[in-house]
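See below for the structure under consideration.
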Number of protein chains: 2
Amino acid sequence: MHGGCVASRSADSRTGNGSPSAVDAVSLAIIEQLQEDGRRPYAAIGKAVGLSEAAVRQRVQKLLDQGVMQIVAVTDPLTVGFRRQAMVGINVEGDLDPVAEALSAMAECEYVVMTAGSFDLMVEIVCEDDDHLLETINKRIRTLPGVRSTESFVYLKLKKQTYMWGTR
Amino acid sequence: MHGGCVASRSADSRTGNGSPSAVDAVSLAIIEQLQEDGRRPYAAIGKAVGLSEAAVRQRVQKLLDQGVMQIVAVTDPLTVGFRRQAMVGINVEGDLDPVAEALSAMAECEYVVMTAGSFDLMVEIVCEDDDHLLETINKRIRTLPGVRSTESFVYLKLKKQTYMWGTR
DNA sequence: TTGGATGCGACTGAATCCGAAGTTGCGGGC
DNA sequence: GCCCGCAACTTCGGATTCAGTCGCATCCAA
């Protein structure tokens with residue numbers, strides 16, 4: 001499967017206004033449950049949010065189909081053999097989109113975002129070692145047409161990483 | 001619950017050498033399966049990786065217990081009511097740790113990482129609106145003792161967000 | 001060789017998932 | 001006012017899956 005890009009999928013459902021296919025309070029509560037444990041049984045979620053098991057199942061399916069949420073395993077890259085990570089700020093000449101698309105297509109890019117400020121794009125890179133990191137930045141990113149300059153921030157230590165959006 | 005920080009948990013199991021309680025190839029294959037679909041049945045995973053259902057279940061449980069992996073729902077913050085996100089680069093005077101700790105304790109900070117380069121810390125912030133974002137950066141981050149300067153990159157559009165570590 | 005620990009497959013009852021069908025509530029067209 | 005369609009919910013029964021537990025093979029150290 002090629003799946004796995006929340007942003008682009010949800011962008012589809014967002015065409016038009018700024019407030020997408022609004023997620024109501026109940027669905028938010030369901031998401032919170034699944035943020036605590038992605039395999040929690042539907043019946044348990046239903047009890048927590050006041051819905052039947054089937055209703056929860058239908059809502060979860062819809063949230064997944066719409067790309068509002070995905071249920072996945074996440075790991076600490078360091079424990080699975082990726083020893084170098086970096087954030088790369090990029091300045092682009094002309095249209096951002098083709099560059100952003102090209103970056104998104106690269107397996108090493110975990111995270112691609114367009115920003116306002118002194119960078120046009122910020123990209124998180126996950127690599128196996130220094131050589132891999134160097135090659136990715138120097139040979140693959142900096143040579144993309146439109147890329148004017150880059151600045152790299154190699155990760156020294158990951159202090160916090162959460163997935164609790166909506167839980168506040 | 002307060003759970004949910006992969007980094008700190010896996011750091012515990014990482015004390016000692018650089019290569020932790022090494023994840024073998026079969027467990028990696030299991031992780032890959034769960035990165036595609038966090039609710040995939042154990043039997044289906046077993047068929048894919050060549051193990052019995054029970055063996056997969058035991059391995060998954062161990063991976064979860066060890067903090068190597070967690071199975072969670074992830075969302076695009078924009079679709080669940082958080083309309084402003086930013087990456088903030090921070091320069092610190094003196095020891096980084098207390099500042100990193102303070103940032104990690106803030107609910108708005110999704111992601112805190114120490115970096116090499118022209119920033120000492122990079123932090124991802126998720127806020128409900130502009131006021132919230134301004135207050136967080138200006139009143140809560142910039143006033144932390146030790147923070148010398150900050151630079152903000154407000155997100156315009158999230159292009160890619162994956163959790164496919166290890167899938168390559 | 002022996003003892004202990006570990007990982008695996010097989011089995012079983014209980015819990016869960018899943019699809020189909022029926023119910024309710026609401027708004028638009030006639 | 002009435003009917004129709006739509007969307008979300010509930011109920012229900014059968015198939016599947018989950019969570020223990022058991023015995024067995026392997027590996028490693030004593």
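Reminder, nothing fancy here: chain letters follow the sequence lines and each chain counts from 1.
The closest side-chain donor-acceptor pair between B:Gln33 and B:Asp37, if any, does not fall under 3.5 angstrom. A donor and an acceptor atom, one from each side chain of A:Gln58 and A:Tyr42, are nowhere located under 3.5 Å apart.
The shortest distance between the side-chain N/O atoms of A:Arg59 and the OP1/OP2 oxygens of D:dC9 is below 4.0 Å. Taking 4.0 angstrom as the limit, B:Lys62 places none of its side-chain polar atoms (N or O) nearer than this to OP1 or OP2 of C:dT6.
Here the side chains of A:Tyr111 and B:Leu158 are in contact, with some heavy-atom distance below 4.5 Å. Counting only heavy atoms from C-beta outward, the side chains of A:Asp120 and A:Thr115 never approach each other to under 4.5 Å.
Between A:Gln61 atom CD and D:dA7 atom C1' the separation is 17 Å, expressed in whole Å. Rounding to whole angstrom units, CZ of residue A:Arg57 and C1' of C:dC18 are separated by 5 Å. Between B:Leu64 atom CG and D:dC18 atom C1' there is a gap of 14 Å when expressed in whole angstrom units. Atom C1' of nucleotide D:dA8 and atom CD of A:Gln66 are separated by 13 Å, given to the nearest angstrom.
For B:Leu51, the listed nucleotide lying nearest its side chain is C:dC8; candidates were C:dC8, D:dA8, D:dT10. Each of D:dT11, C:dG9, C:dC18 was ranked by its minimum atom distance to the side chain of B:Gln58; first place goes to C:dG9.
The two residues A:Cys127 and A:Glu108 make their nearest non-hydrogen contact at SG-CG, 4.3 Å.
The pair B:Lys159-A:Asp97 meets the salt-bridge criterion, with a side-chain N (NZ, NE, NH1 or NH2) lying under 4.0 Å from an Asp/Glu carboxylate O. Note on A:Arg84 versus A:Asp129: no salt bridge recorded, every NZ/NE/NH1/NH2 to OD/OE distance being 4.0 Å or above.
Two end axes, each from the C1' atoms of five base pairs, can be drawn for the helix from C:dT1-D:dA30 to C:dC30-D:dG1; they diverge by 30°, to 10 degrees.
Classification of the B:Phe119-A:Phe153 ring pair by plane angle, with boundaries at 30° and 60°, yields parallel.
Near DNA chain D, meaning a heavy atom under 4.0 Å from it, residues 39-47 of chain B has B:Pro41, B:Tyr42 in order of number.
Nearest-nucleotide positions on DNA chain D place A:Ala55 closer to the 5' end than the other of A:Ala55 and B:Glu53.
Between the side chain of B:Asn91 and the backbone N or O of B:Ser149 there is no donor-acceptor pair closer than 3.5 Å.
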